[in-house]
Amino acid sequence: MRGRTLSAGVALAVFAGMTVTLAAQPVTASPTTATVTRPIAASAAALAAPDISVTNVQAHLTQFNAIASSNGGNRRAGSAGYTASLTYVKTRLQSAGYTVSEQYCSSCTYPSNNLIAEWPGGPADQVVMFGAHLDGVSAGPGINDNGTGSATLLENALVLAAQNPTMTKRVRFAWWTDEEQGLNGSRFYVNSLSSTQRGYLKGYYNFDMVGSVNGGYFINRVNSTTAAPLKAYWDSLGLSPEENVEGQGRSDDYYFQQAGIPTSGYAAGASARKSSSQAAKWGGTANSAYDPCYHRACDTTANVSATVLNRAADGVAYALWQLAVSGGTPSCAGGQVVGNGGFESGGTPWTASSGVITNASGQPARTGSYKAWLNGNGSTRTESLYQSVTLPVGCATYTLSFWLHIDTAETTGSTAYDRLTVQVGSTTLATYSNLNAASGYVQRSFNVAGFAGQTVTLRFTGTEDSSLQTSFVIDDVTLQAS
């Protein structure tokens, strides 16, 4: 984000008269469960929108940080660090199938290249554009400003390519150079467009500093029609986003707006200070900067809030799917998603530790002869059971269910020595322990609609300490979409 008069980010388009419906549905969890933080939207289009892995976004940030460390400590426009950052993004996009081009900004303070990537789907005269500045200042590696916007954009682009949905609009991504010197890269791009080409752009969304450690939730032109899908997503989390007052005229949406192109975008704040009311609403520290390392050497990967970053990345995906992906109401190809959930057909498609899928008599199956029996060894051991599942899009309900019997020789009533963790993708749905032991099987169920349209790994992991066995016995696993 540029200093006092202008700044950088990512962009997307909204169309006049559109209506966005989004309702949150919390995941149902067991007593010792870490709940899923991503909202589950009621509309079919929202269900189709992918959950962007914040871990993957953070991995891109780690790459940007390493690039800066290897190139004089920064990624300033025109520097070796900037060029290496551009190469990293470009290589990933080309491998994913994007049409990628570089645009040399001859009028920039530090002449260097913008990077433009277009997904080959949707009408060429109906373009939704997302942008973020890739450069940083010379003082440091520029990870929040603006590695976060750049990485958020890159991971969204890669997920779009991986899912390859039918498009109703053309999606174009941009990474701008020389933002920190006056929004020069984005200005050069806008000035290079003919009037016809500008008319093709139905909206530009800018993402600048979307992971501030003491961050707020700000949207450019928050009450505009263009901002509607971005605001709808954050509203579904109860965040009550505010207008991006600090960033007005200071980021790469500025010259698009000046050219008459509808704009919006997310930001989490720079050097301005969080008010007491904002701290009460969003958490964090009142009367402290949103980003205490703004334009400083300490703007490293440690200077990023994973929570704020995750909410921005998922909001981009929601908006993209609302605006540019075909069939806001996809049909539901429902049914049972888990294969061999009763374990009666051998191991396939499960992958399991030796002896986990068994008909041994020491623990009974709930139905049939076979079950998955994790641990029960009375010695230090970790055992796992997992399979890859693909959740269809467009369904009204997505319910993961399994029957669990926990038997233990532990005598404590207060210490969890042995544990079973249940995960979908990188999200932990629940953790059970010897403290949850009970006679017979208990059914456990979870709403997993937040993973609709994705291929994810359903995983059970049991860990046992050095003495006194705990058995985690699982049977009749289902994931029903309907």
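For an aromatic pair to be called close, the ring centres must be under 6.0 Å apart, and Trp350 with Tyr386 fails this.
Taking the side chain as every heavy atom from C-beta outward, Phe451 and Val389 never approach each other to under 4.5 Å. Proximity of Leu458 to Leu400: side-chain heavy atoms (C-beta onward) are separated by under 4.5 Å at one or more points. At a threshold of 4.5 Å between non-hydrogen side-chain atoms, the residues Leu93 and Leu115 count as touching. The shortest side-chain heavy-atom distance between Tyr82 and Asn71 does not fall under the 4.5 Å cut-off. Between Asn184 and Ser107, every side-chain heavy-atom pair lies at or beyond the 4.5 Å cut-off. Looking at heavy atoms from C-beta onward, Leu193 lies in side-chain contact with Leu201 at the 4.5 angstrom threshold. Arg172 places a side-chain heavy atom less than 4.5 Å from the side chain of Ile116.
One finds no salt bridge joining Arg76 and Glu180 here, because no Lys/Arg side-chain nitrogen approaches an Asp/Glu carboxylate oxygen to under 4.0 Å.
Atoms CG and CG, from Leu230 and Leu320 in turn, are 10.5 Å apart once rounded to the nearest 0.5 Å. Atom OH of residue Tyr294 and atom OG of residue Ser212 lie 10.5 Å apart, to the nearest 0.5 angstrom. Annotation: the span from Thr455 atom OG1 to Gln163 atom CD amounts to 8.0 Å, rounded to 0.5 Å.
Below 30°, between 30° and 60°, or above 60°: for Tyr204 and Phe256 the angle between ring planes is below 30°, a parallel geometry. Between Tyr217 and Trp282, the ring planes are perpendicular. Angles over 60° get that label, and only those under 30° would be called parallel. Using cut-offs of 30° and 60° on the angle between ring planes, the pair Tyr233 and Tyr318 is tilted. Below 30°, between 30° and 60°, or above 60°: for Tyr290 and Phe218 the angle between ring planes is above 60°, a perpendicular geometry.
Side-chain contact, Ser401 with Thr399: no donor N or O sits under 3.5 Å from an acceptor N or O. A side-chain N or O of Thr397 and one of Ser482 form a donor-acceptor pair less than 3.5 Å apart. Between the side chains of Asp135 and Thr177, no donor N or O sits under 3.5 Å from an acceptor N or O.
Applying the side-chain hydrogen bond (donor to acceptor under 3.5 Å, both in side chains) criterion to Asp299, with sequence neighbours excluded, gives Asn303. Listed by chain and number, the residues in a side-chain hydrogen bond (donor to acceptor under 3.5 Å, both in side chains) with Ser192 are Gln103 (sequence neighbours excluded).
In this structure, Ala117 and Trp175 approach most closely via the heavy-atom pair CB-CZ3, 4.1 Å. In this structure, Tyr255 and Gly182 approach most closely via the heavy-atom pair CE1-O, 4.3 Å. Here the shortest heavy-atom pairing between Pro241 and Lys231 reads CG-CG, 4.1 Å. Minimum heavy-atom separation, Ala317 to Pro50: CB-O, 3.6 Å. Closest of all the heavy-atom pairs between Ala96 and Ala161 is O-CB, 3.6 Å. Of all heavy-atom pairs spanning Ala312 and Tyr266, the tightest one is O-CE1, 3.7 Å.
Between the side chain of Asn65 and the backbone N or O of Thr300, no donor-acceptor pair lies under 3.5 Å. Arg198 places a side-chain N or O within 3.5 Å of a backbone atom of Val190 that can act as its donor or acceptor partner.
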